[in-house]
Amino acid sequence: MLRHLSHPVTPLAQNATLIWCDVTGTGAWVDPGADAADLAQIARDHGVRLEKILLTHGHLDHVGASAELARDAGLPVIGPHRDDAFWLDQLPDQARVFGVSEIAPLTPDQWLEDGDRIALGEVTLQVLHCPGHTPGHVVFHDPESRLALVGDVLFHGAIGRSDFPRGNGRELLESITGKLWPLGDDTRFVPGHGPESTFGEERRCNPFVGDAALALGGPAGRGRFY
Ligand SMILES: [Zn+2]
Ligand SMILES: [Zn+2]
């Protein structure tokens, strides 16, 4: 069974999330955005043996500690989809905009495609390519525990921004309604920022992409916050 815990990092309170197989203790950090040493310690505190780093997309608040954690713990960096390569190439510029210390461009050890499978102990994660916030954004889904890690695609009560370079609001809505909703109303998700929710709750109440908002002819304005 997949276990998880989130540890907000950066001034944007990005949910770096430790996931692990509770049978084998094998784990991964999803979106280690900052504080590499803290993240390594949290894994140790929970008896988790880190095996990999998974990235949902190429934004600095999700990626920032990847290279340091990968080097210190000897981990491969997996994801996102290669369409986010231009964001990872621009990490030095992103760091300048955020006013944080210098960071090198990052090339993951493995790019991900829609439909890929990622083994983590006895857990098998499914990869869904969900463009719109960024073109190479991916979501990780564990059908057994009905948990998804959705990065900045969907939040409790909001959706991701689509006004970044190569963002696309129509694609974002298609990713949410076409890829996430079919995973089931009772599927729980960890967003990139803010509290967890379920897809059913968002279909009922989300003012941007809930069933009522879409019935009224589309989202009430563009995504907020992140
Ligand atoms: Zn983002
Ligand atoms: Zn974010």
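Read the numbers this way: they start at 1 and go in the same order the structure lists the ligands and their atoms. Quick caveat, the model's predicted, so the values are computed rather than measured. When a residue number appears, it is its place in the shown sequence, counting from 1. Any value given below was found using the heavy atoms of this structure, including those in side chains, with hydrogens, waters and symmetry copies removed.
The Zn ion (ligand 2) lies at the vertex of an angle of 150° between the OD2 atom of Asp61 and the OD2 atom of Asp152 (rounded to 10°). Atoms NE2 of His193 and NE2 of His62, as seen from the Zn ion (ligand 2), are separated by an angle of 110°, to the nearest 10°.
Within the 2.8 Å limit, His133 places at least one N, O or S atom next to the Zn ion (ligand 1).
Counting only distance, with no hydrogens or angles, the side chain of Asp114 and the backbone of His129 share a donor-acceptor pair below 3.5 Å.
Within His59, the N, O or S atom at minimum distance from the Zn ion (ligand 1) carries the name ND1.
Salt-bridge formation is detected for the pair Arg203/Asp211: a Lys NZ or Arg NE/NH1/NH2 atom is positioned less than 4.0 Å from an Asp or Glu carboxylate oxygen.
Taking NE2 of His137 as the reference point, atom NE2 of His81 lies at 13.0 Å (rounded to 0.5 Å).
Taking the centre and axis of the six-membered ring of Phe164, the NZ or CZ atom of Arg166 falls outside the cone set by 45° and 6.0 Å.
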